[in-house]
Number of protein chains: 2
Amino acid sequence: MLLRDFEDRPLCYASGMSQVPDHDAPSVPSPEHVAELLVRHGYRSTAPRRAVVADVLARGRPFTAEEVVANLRQRVPEIGRATVYRTLELLASVDVLSRVLRSDGHPAYIAGTPGHRHHLVCSDCGAAVAFSACPVDELVRDLSRDTRFSIQGHLLEVFGLCPECQPTV
Amino acid sequence: MLLRDFEDRPLCYASGMSQVPDHDAPSVPSPEHVAELLVRHGYRSTAPRRAVVADVLARGRPFTAEEVVANLRQRVPEIGRATVYRTLELLASVDVLSRVLRSDGHPAYIAGTPGHRHHLVCSDCGAAVAFSACPVDELVRDLSRDTRFSIQGHLLEVFGLCPECQPTV
DNA sequence: TGATTATTGACACGGTGTCTCATCAAGTGG
DNA sequence: CCACTTGATGAGACACCGTGTCAATAATCA
């Protein structure tokens with residue numbers, strides 16, 4: 001696959017921030033919008049890709065590539081595993097998905113959080129809340145000054161238990 | 001293996017912070033100190049473990065378990081892969097190592113940064129600088145209040161190019 | 001020294017992601 | 001509308017990673 005304008009970038013790029021947590025309702029784009037987005041980036045809109053997009057946009061919490069494969073195989077048995085992996089990577093490259101890490105360290109994707117976002121993920125049920133307040137910028141300035149590193153990006157995930165999963169006292 | 005006082009904790013726990021970046025020189029303990037530490041925790045001091053400890057303490061940058069296996073096999077061919085993995089996990093549990101993530105998302109270990117630390121890792125050569133300034137605490141308070149999540153921990157890594165790896169202008 | 005038991009090493013296993021390659025089909029221009 | 005070009009697909013093999021099992025071994029202690 002050719003991934004245009006996308007090469008080995010770190011998991012997250014610091015590209016802007018807002019000062020207050022905003023816990024946005026995930027702004028999930030429509031399947032048609034995603035299809036058009038792909039075409040605009042020079043990719044083709046194919047049946048397998050549309051199937052992956054449809055599956056993925058319906059999800060409100062982090063999911064793994066294998067989960068998508070398993071779920072998709074039930075309706076589209078002939079779809080290839082590699083295709084799903086490639087499409088997910090593709091969707092991440094155009095900001096329809098973002099990569100997150102579960103608290104067990106396993107990589108996953110989540111839909112509908114374009115831009116610079118981090119996630120608060122429930123380590124029990126997997127429910128996720130996106131937030132764009134990123135407290136790292138000032139730290140990055142200090143580090144950059146003190147270490148002479150040229151900072152490229154950062155990775156921040158917060159883990160906890162959502163209200164539903166907390167043990168009732 | 002029995003891992004005492006260590007069960008499935010997230011990659012990083014927020015357990016304290018200092019306000020200023022301190023870029024500590026890594027305080028690498030001696031092999032003897034680590035051996036004693038293990039005994040104090042109720043583990044046995046064995047030849048394979050000492051070999052892993054010796055190998056690991058000599059490293060100044062993040063390394064993967066497989067790297068340790070490969071390197072160790074040259075001098076101690078009979079050492080088992082599982083033993084290395086178990087020993088690394090063990091050393092992380094007693095805070096001799098900490099887990100970090102490379103910018104490609106691959107998990108690794110780094111020696112000599114006990115306590116609550118994060119790392120600035122060069123995405124080219126892998127050189128790492130530890131820092132204990134953790135700007136996440138305030139964010140965690142806000143998130144906790146606004147989302148009613150009970151926050152358990154967080155993961156923060158910063159990536160960049162170290163001075164040696166930056167393209168000379 | 002002998003008993004106890006943690007630890008080891010070999011191996012197999014499952015999961016994950018990548019790669020290859022022949023085939024297919026989306027988009028293009030004629 | 002058709003043929004062509006080339007990106008995309010799917011099947012399968014493959015490598016890698018981390019874990020689990022289990023009999024054999026060795027560290028500790030009485």
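The model shown is predicted, which means the values in this text are computed figures rather than measured ones. Chain letters run A, B, ... following the sequence lines, proteins first, then strands; residues in each count from 1.
- Look at Thr46(A) and you won't find any side-chain N or O under 4.0 angstrom from OP1 or OP2 of dA8(D).
- Comparing dG9(C), dT28(D), dC19(C) by their nearest atom to the side chain of Ser45(B) picks out dT28(D).
- Inter-residue side-chain proximity for Arg81(B) and Val84(B) is flagged as unmet; no heavy-atom pair is nearer than 4.5 Å.
- The separation between Glu36(A) atom CD and dG27(C) atom P is 13 Å, rounded to whole Å.
- A straight line from CZ of Arg99(A) to C1' of dG17(C) spans 11 Å, rounded to a whole angstrom.
- Between the side chain of Arg81(B) and the base of dG18(D) there is at least one donor-acceptor pair of N/O atoms closer than 3.5 Å.
- When distances are taken from the side chain of Pro107(A) to each of dG17(C), dT9(D), dC19(C), the shortest belongs to dG17(C).
- The side chain of Arg49(B) sits closest to dT7(C) out of dG17(C), dT7(C), dT9(D).
- Contact annotation: side chain of Arg44(A) to base of dG7(D), donor-acceptor pair present below 3.5 Å.
- A donor and an acceptor atom never sit less than 3.5 Å apart when one is taken from the side chain of Arg86(B) and the other from the base of dG20(D).
- One can place CG of Leu38(B) at 10 Å from P of dT8(C), the figure rounded to the nearest angstrom.
- Computed from coordinates, the Leu88(B) CG to dC17(D) P distance equals 13 Å when rounded to whole Å.
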